[in-house]
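Each remark here refers to the structure printed beneath this line.
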Number of protein chains: 2
Amino acid sequence: MTAPHTLEPLDQAIVRELAEDGRRSYTDLAERVGLSVSAVHQRVRRLEQRGVIRGYTTRLDTESIGLPLTAFVSLTPIDPAAPDDYPQRLSHISAIEACYSVAGDESYILLVRVASPAGLEDLLRQVREAAKVSTRTTVVLSTPYEGRPPAL
Amino acid sequence: MTAPHTLEPLDQAIVRELAEDGRRSYTDLAERVGLSVSAVHQRVRRLEQRGVIRGYTTRLDTESIGLPLTAFVSLTPIDPAAPDDYPQRLSHISAIEACYSVAGDESYILLVRVASPAGLEDLLRQVREAAKVSTRTTVVLSTPYEGRPPAL
DNA sequence: GATGAAAAATACAGATA
DNA sequence: TATCTGTATTTTTCATC
């Protein structure tokens, strides 16, 4: 087989630690998983190259960075026969944090972060302009939790 | 005012760099934002303490870690008068990556990651058991992009 | 913002299985 | 052949000035 869908226990342990704290040092990781620093280093490099680790990010407080308003925007193509290149057509809009292609009534769900209701209105206009879609918006009132590490 | 909702340009620059790559070194950051290493170091510490930086994570390939199936699960309380402690009641379920309280027909939207349709079925059972809610599930077919850094 | 000691990252040679 | 360990060197972190 070419792509086993389960991770070796040691890689699993490393990845679990890094998911919890993306800035954990190799020394720290080595202690936690019971390997030498070099071995951990090599494994992380390999995990990065294999694409298991896709990158490292910083969790930011959306209020502090001036984007306190989060919303889900569902898209329905106006012309069902139109070419399906919506993600591309929308990718330049930086307020869109994520784009999911979904099964169900709608075709896509966008996760967006904006500064204000006016910003949301502006975003929706941009979306409708860039892609010929109708939109349905669900405003997020609060976020009890987000970005929790997966259970491995 | 106690909490300015916009970030100082230098902090903004630092945060932008860290959002793009959470493992960027202080030396690297210093070069990019045009400050001394110590100044950057101090600022990052302060941003962490102030809660602007909430932590660091690793973006993982969901397939590689054995959780290839993503879904949105919307919750509607069965008893509208019941105490609203759903996030707490569900927080022990590790397949739930995020929980959003939303305006609209439903009360909450969960983002979940599971191994298979059977895992999804199991998760929905767990959710309905832990909270007296009805659920509506939208399966994610593909993820064109996710976790893009915010525009600062 | 600079300095310097301590810690960490990285490259590499050799051991191991 | 793969991955490990230990060592040496460079780079980074971090407290102090």
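Naming: A, B, ... by sequence-line order, numbering from 1 per chain. Since the model is a prediction, treat every value here as computed from it, not as a measurement. Reckoned from all heavy atoms, side chains included, excluding hydrogens, waters and symmetry mates.
- Base-pairing analysis of DNA chain C finds the following stems of at least three consecutive Watson-Crick or G-U pairs, with both pairing distances under 3.5 Å: C:1-13 with D:5-17.
- Within the structure, every pair that satisfies the ring-ring contact (aromatic ring centres under 6.0 Å, His included) test and touches residues 11-39 of chain B, not counting sequence neighbours, is listed here: Tyr26(B)-His41(B).
- Legend: residues meeting side-chain contact (heavy atoms from CB on, under 4.5 Å) with Arg43(B), ordered by chain and number and at least two apart, are Glu8(B), Leu10(B), Asp11(B), Ile14(B), Leu35(B), Arg46(B).
- Side-chain heavy atoms closer than 4.5 Å link hydrophobic residues (I, L, V, M, F, W, Y) into clusters, and following such links, even through other members, never connects Val114(B) to Val15(A).
- Arg45(A) meets the side-chain hydrogen bond (donor to acceptor under 3.5 Å, both in side chains) test with Glu48(A); sequence neighbours excluded.
- Between Leu7(B) atom CG and Ile65(A) atom CD1 the span is 8.5 Å, to the nearest 0.5 Å.
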Only distances under 3.5 Å count here; give the side-chain donor-acceptor pairs of residues 145-152 of chain B to other protein atoms, sequence neighbours excluded, each with its distance to 0.1 Å.
{"unit_1": "Tyr145(B)", "atom_1": "OH", "unit_2": "Pro87(A)", "atom_2": "O", "d": "2.8"}
{"unit_1": "Tyr145(B)", "atom_1": "OH", "unit_2": "Ser91(A)", "atom_2": "N", "d": "3.3"}
{"unit_1": "Glu146(B)", "atom_1": "OE2", "unit_2": "Tyr100(A)", "atom_2": "OH", "d": "2.6"}
{"unit_1": "Glu146(B)", "atom_1": "OE2", "unit_2": "Arg113(B)", "atom_2": "NH2", "d": "2.5"}
{"unit_1": "Arg148(B)", "atom_1": "NE", "unit_2": "Ile96(A)", "atom_2": "O", "d": "3.0"}
{"unit_1": "Arg148(B)", "atom_1": "NH1", "unit_2": "Ser91(A)", "atom_2": "O", "d": "2.6"}
{"unit_1": "Arg148(B)", "atom_1": "NH2", "unit_2": "Ser91(A)", "atom_2": "O", "d": "3.2"}
{"unit_1": "Arg148(B)", "atom_1": "NH2", "unit_2": "Ile93(A)", "atom_2": "O", "d": "2.7"}
{"unit_1": "Arg148(B)", "atom_1": "NH2", "unit_2": "Ile96(A)", "atom_2": "O", "d": "2.9"}

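- Partners of Thr76(B) by side-chain contact (heavy atoms from CB on, under 4.5 Å), not counting sequence neighbours, listed by chain and number: Glu106(B), Ser134(B).
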For nucleotides 14-17 of chain C, print each protein N/O atom paired with a nucleotide N/O atom at under 3.5 Å, atom names and distance only.
none

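- Residue Arg23(B) has a polar side-chain atom (N or O) positioned under 4.0 Å from OP1 or OP2 of dA9(C).
- In this structure, Val73(A) and Ile109(A) have side chains that are not in contact, with every pair of non-hydrogen atoms separated by 4.5 Å or more.
- The separation between Asp28(A) atom CG and dT13(D) atom C1' is 14 Å, rounded to whole Å.
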Could you run down the sub-3.5 Å N/O contacts of the protein with nucleotides 3-7 of chain D?
{"unit_1": "dC4(D)", "atom_1": "OP1", "unit_2": "Arg43(A)", "atom_2": "NE", "d": "2.8"}
{"unit_1": "dC4(D)", "atom_1": "OP1", "unit_2": "Arg43(A)", "atom_2": "NH2", "d": "2.4"}
{"unit_1": "dC4(D)", "atom_1": "OP2", "unit_2": "Arg43(A)", "atom_2": "NE", "d": "3.4"}
{"unit_1": "dT5(D)", "atom_1": "OP2", "unit_2": "Ser36(A)", "atom_2": "N", "d": "2.8"}
{"unit_1": "dT5(D)", "atom_1": "OP2", "unit_2": "Ser36(A)", "atom_2": "OG", "d": "2.7"}
{"unit_1": "dG6(D)", "atom_1": "N7", "unit_2": "Ser38(A)", "atom_2": "OG", "d": "3.2"}
{"unit_1": "dG6(D)", "atom_1": "O6", "unit_2": "Ser38(A)", "atom_2": "OG", "d": "2.7"}

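- Taking atom OH of Tyr56(A) as the reference point, atom C1' of dA9(C) lies 13 Å away to the nearest angstrom.
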Kindly give the atom pairs (protein nitrogen or oxygen, nucleotide nitrogen or oxygen) under 3.5 Å for nucleotides 9-11 of chain D.
none

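- For the side-chain hydrogen bond (donor to acceptor under 3.5 Å, both in side chains) test, no residue two or more places apart in sequence or in another chain qualifies with Asp105(B).
- Here His41(B) reaches the OP1 or OP2 of dC14(D): one of its side-chain N or O atoms lies under 4.0 Å away.
- Anti is the glycosidic conformation of dA2(C), whose angle departs from 0 by more than 90°.
- Within the 3.5 Å criterion, the main-chain N or O of Ala130(A) finds a donor-acceptor partner in the side chain of Arg89(A).
- Residues Val112(A) and Tyr86(A) share a single hydrophobic cluster, defined by chaining ILVMFWY side chains whose heavy atoms lie under 4.5 Å apart.
- One can place CD of Gln49(A) at 14 Å from P of dA2(D), the figure rounded to the nearest angstrom.
- Every pair tested for salt bridge (charged side-chain N to carboxylate O under 4.0 Å, His left out) that includes a residue from residues 69-83 of chain B fails, sequence neighbours excluded, so the list is empty.
- dT13(D) atom C1' lies 9 Å from atom CZ of Arg45(B), rounded to whole Å.
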Can you list, pair by pair, the side-chain donor-acceptor contacts under 3.5 Å of residues 115-125 of chain A, counting residues two or more places apart and other chains?
{"unit_1": "Ser116(A)", "atom_1": "OG", "unit_2": "Ala118(A)", "atom_2": "N", "d": "3.4"}
{"unit_1": "Ser116(A)", "atom_1": "OG", "unit_2": "Gly119(A)", "atom_2": "N", "d": "3.1"}
{"unit_1": "Asp122(A)", "atom_1": "OD1", "unit_2": "Arg125(A)", "atom_2": "NH2", "d": "2.1"}
{"unit_1": "Arg125(A)", "atom_1": "NH1", "unit_2": "Glu129(A)", "atom_2": "OE2", "d": "3.2"}

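- Arg24(B) places its CZ atom 17 Å from the P atom of dA9(C), with the value rounded to the nearest Å.
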